[in-house]
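Atoms within each ligand, like the ligands themselves, are counted from 1 in listed order. What's counted below: heavy atoms across the whole structure, side chains too, no hydrogens, waters or symmetry copies. This is a predicted model, so every value here is computed, not measured.
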Amino acid sequence: MLLSPFAWSQKRADMSSGRVACRRFAGPGTYVGKMSPVRVAHVTDLHVGRMTPFAIQREAQNLVNAQNPDVVLVTGDFVCHSQLYLDQLTHLMEGFHAPVLAVLGNHDYWAGAEEVCQALRRAGVEILRNQHTTLTVRGQAIQIVGLDDAYTGHARLDRAVAGLRRDVPTLALSHIPEEADLLWAHGIPLVLSGHTHGGQITLARLHEITLGKIGGHKYLHGLYGSRQGNDNAGAVYVGAGIGSAVMPLRIGDRGKREVTIFELGMRPGHFDEHHAEQRALPGRAVSPRKLARRMAKVARKRERRANRRTIEMPSLP
Ligand SMILES: [Fe+2]
């Protein structure tokens, strides 16, 4: 059952738990009046593994389930440096009450994309790797486009949007937020993403230096662009994520662990939102050389895993 905006504001204090914020935004303005309300939950960067206590991922999941979303969309980085916690990942992903669709992130490629996909499929998660699918939610069709991880060079936009219908409400998922610029040009007014963890430490706007100036990101945390979807422009939401992969610290409002609810069919401005649409930072494009280095890193890690498996195999008589 959908909560009315009034019910939301009354219950707002209960909707964020101690360690995980629950934020709520309206969907694209272009869908207002063209569809009945649909509630989408967005989660990203779960990073199940040694650096994030499993209780935190469970806490995030409980927050999502408490919102009764129609669908849960996850934008990559399920693991943290290894395949040791894949059973735990499966166990976690089985616990969402709504259907789950997802794309992969750079950590999934570093740890082993095929193995991560197997763990997710065991839990019933639909993984979109440069493809799109159509869901029927509350009797209406919604297209979900999944762009594979651009950080490690696996994004293939043409394949992801091939055959996409412009007359059906559509959302896109991309681990890397800057890919939204290209997805908007295909008539997709809202892209959900992750990767930045919101900078994790956002006191004194530190994330604008670490992610923006040093990292070259245009989109750091939250909502950017416009949800009106005019002239092939659009919006992107960068979730702060749940887990960590480098350091476990999260300090500051924007770096807080987060699940995000999008009310499709509701007009932006219809209820209070955590923040307004923001303007992009200048950003810096990734050079072909840098991208080649990232792709080589994935290949190197895959080879190392294969070599380890060969050594571990018992020798035949
Ligand atoms: Fe991540």
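In summary, His107 places no N/O/S atom under 2.8 Å from the Fe ion (ligand 1), failing the contact criterion. Not one N/O/S atom of His195, from backbone or side chain, sits under 2.8 Å from the Fe ion (ligand 1).
Of all the N, O or S atoms in His47, the one closest to the Fe ion (ligand 1) is NE2. Sorting the N, O or S atoms of Asp45 by how far they are from the Fe ion (ligand 1) puts OD2 first.
Using cut-offs of 30° and 60° for the angle between ring planes, the Tyr109 and His154 rings count as parallel.
Annotation: cation-pi geometry not satisfied between Arg279 and Tyr224 (NZ/CZ under 6.0 angstrom from ring centroid, within 45° of ring axis).
Here Arg24 does not pair with Glu273 in a salt bridge; the nearest charged N to carboxylate O distance is not below 4.0 Å. Remark: Asp167 does not engage Lys34 in a salt bridge, criterion side-chain N to carboxylate O under 4.0 Å. A salt bridge between Lys218 and Asp181 is present, with a side-chain N of the basic residue lying under 4.0 Å from a carboxylate O of the acidic one.
Rounded to 10°, the angle that OD2 of Asp77 and NE2 of His197 form at the Fe ion (ligand 1) is 180°.
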